[in-house]
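Every chain is numbered from 1, with letters handed out A, B, ... down the list of sequences.
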Amino acid sequence: MKIATWNVNSLRVRLPQVLDWLAATQPEVLALQETKLPDEEFPVAAFQEAGYEASFSGQKTYNGVALVSRTAAQSVIREVPSLEDPQRRVIAGTVQGVRVINLYVVNGAEVGSDKFSYKLDWLEKVTAFVSDQLREFPQLVVLGDFNIAPDDRDVYDPELCRERILCSTPERQALRRLLELGLVDTFRLFEQEPESFSWWDYRAAAFRRNMGLRIDLILANESMARRCTACRIDKGPRALPRPSDHAPVIATFRDDTR
DNA sequence: ATGGTGGCGCGGCCA
């Protein structure tokens with residue numbers, strides 16, 4: 001089964017691209033971030049016509065996450081305990097026996113800002129939530145837009161970005177604490193092209209110059225990591241007219257024979 | 001330090 005993540009930066013704008021991509025890629029699950037849609041405007045019918053069910057947690061203008069899946073997600077959670085957050089950034093559900101936790105991690109604006117503090121606090125509380133979910137679900141992936149480049153391989157210019165937002169030590173430590181629960185970055189289980197990124201700023205022709213970061217991740221617990229046979233970034237949609245600034249990432253898992 | 005672009009929605013905010 002393929003499990004994918006894509007920050008679409010407005011599902012209203014990107015819906016045709018998402019439907020085309022689903023038809024071409026045929027994942028079991030696609031986790032979306034930055035849908036920017038209230039729930040009553042989520043395009044349920046368009047996905048059903050494409051053979052997909054959807055669970056979503058949205059709001060007007062900002063944020064918004066969804067799980068699009070061949071079979072409907074079960075035991076869906078939209079709230080993280082102890083994180084009283086009007087921002088819709090988390091949705092978790094179970095699909096074909098796999099717990100899928102979809103995160104749109106806080107961007108954080110600038111190191112040391114109020115938003116940066118919110119990011120670190122948010123990550124701490126989400127890590128506690130993931131810890132609980134790991135105890136409850138034997139097969140689990142955490143994926144989404146982490147807004148953190150795990151290490152310097154994931155940064156187009158590590159010196160320029162040193163200790164700046166998305167790359168700073170406190171952010172990387174917060175990600176490490178999440179990984180230390182027993183998760184692995186599936187992308188790094190496999191040989192990859194150098195300078196593989198998943199996000200490129202719209203500005204300064206960053207995509208053409210491959211000035212990007214790898215901030216969209218698919219993390220797997222030990223059981224799912226054993227099943228993982230591939231993880232790749234699909235740069236195709238980023239090259240289309242009117243693209244999202246993020247590319248989709250896809251991990252493949254073999255059937256669970258246990 | 002700023003600005004470059006894009007989405008939302010119509011003035012800035014967010015990324």
Side-chain angles (χ1 to χ4, degrees), chain A residues 5-21 30-43 46 56-66 68 83 85-91 102-123 126 143-150 154-157 159-168 170-172 174-175 197-217 233-249:
Chain A
T5 179
W6 193 2
N7 179 324
V8 291
N9 186 19
S10 169
L11 185 56
R12 212 189 307 275
V13 172
R14 234 65 68 192
L15 182 61
Q17 291 183 21
V18 172
L19 294 174
D20 286 351
W21 189 85
L30 172 60
L32 299 172
Q33 303 88 37
E34 286 205 89
T35 54
K36 299 187 175 180
L37 284 172
D39 288 347
E40 57 273 20
E41 291 178 41
F42 195 92
F56 36 83
S57 180
Q59 65 184 95
K60 200 164 107 77
T61 310
Y62 302 119
N63 309 311
V65 286
V68 173
L83 186 65
D85 194 354
Q87 301 190 19
R88 304 289 77 194
R89 296 178 175 275
V90 180
I91 188 166
N102 175 16
L103 306 180
Y104 173 46
V105 175
V106 176
N107 173 285
E110 211 173 307
V111 174
S113 66
D114 288 351
K115 286 175 184 170
F116 187 74
S117 304
Y118 166 50
K119 181 178 196 172
L120 296 180
D121 180 63
W122 190 95
L123 282 163
V126 167
L143 79 178
D145 176 359
F146 283 73
N147 270 316
I148 302 171
D154 305 310
V155 181
Y156 71 100
D157 187 339
E159 290 314 317
L160 181 70
C161 299
R162 180 89 46 221
E163 296 305 334
R164 300 189 74 128
I165 197 66
L166 314 182
C167 303
S168 74
E171 291 166 277
R172 286 176 170 173
L175 177 60
F197 307 127
S198 67
W199 170 82
W200 301 261
D201 201 299
Y202 284 120
R203 296 164 285 189
F207 181 65
R208 182 177 58 71
R209 300 156 72 186
N210 199 31
M211 296 166 60
L213 302 175
R214 190 176 68 92
I215 56 177
D216 299 274
L217 312 178
I233 298 166
D234 182 3
K235 287 171 74 171
R238 185 63 179 79
L240 294 174
R242 215 175 175 194
S244 167
D245 44 353
H246 295 252
V249 183

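Qualifying side-chain contact (heavy atoms from CB on, under 4.5 Å) partners for A:Asn107, counting only residues two or more places apart in sequence or in other chains: A:Asn147, A:Ile165, A:Leu166. Residues meeting the side chain to side chain donor-acceptor pair (under 3.5 Å) test with A:Ser244, sequence neighbours left out: none. Under the rule for a side chain to side chain donor-acceptor pair (under 3.5 Å), A:Arg164 has no partner lying at least two apart in sequence or in another chain. Partners of A:Phe56 by ring-ring contact (aromatic ring centres under 6.0 Å, His included), not counting sequence neighbours, listed by chain and number: A:Phe42. A search for side chain to side chain donor-acceptor pair (under 3.5 Å) contacts involving A:Asp216 returns A:Ser198, A:His246, not counting sequence neighbours. With sequence neighbours left out, A:Asp234 forms a side chain to side chain donor-acceptor pair (under 3.5 Å) with A:Trp21.
Within the structure, every pair that satisfies the salt bridge (charged side-chain N to carboxylate O under 4.0 Å, His left out) test and touches residues 104-120 of chain A, not counting sequence neighbours, is listed here: A:Lys119-A:Glu171.
Near DNA chain B, meaning a heavy atom under 4.0 Å away, the residues from residues 197-206 of chain A are A:Tyr202, A:Arg203.
If you check every strand for non-hydrogen atoms under 4.0 Å, A:Phe207 touches nothing. A:Arg89 comes within 4.0 angstrom of sugar-phosphate atoms only, judged by non-hydrogen atoms across all strands, and of no base.
First and last contacts of DNA chain B with chain A, using any nucleotide atom under 4.0 Å from a protein heavy atom and ordered 5' to 3', fall at B:dG4 to B:dA15.
The shortest distance between side-chain heavy atoms of A:Val126 and A:Arg89 does not fall below 4.5 Å.
Atom P of B:dC14 sits at a distance of 14 Å from the matching atom of B:dG9, rounded to the whole Å. B:dA1 and B:dG11 have their C1' atoms separated by 24 Å, with the value rounded to a whole Å.
Along DNA chain B, the nucleotide nearest to A:Arg242 and the one nearest to A:Asn147 differ in position, and the one closer to the 5' end is contacted by A:Arg242. Toward the 5′ end of DNA chain B lies the nearest nucleotide of A:Thr61, the other residue of the pair A:Thr61 and A:Asp245 mapping further downstream.
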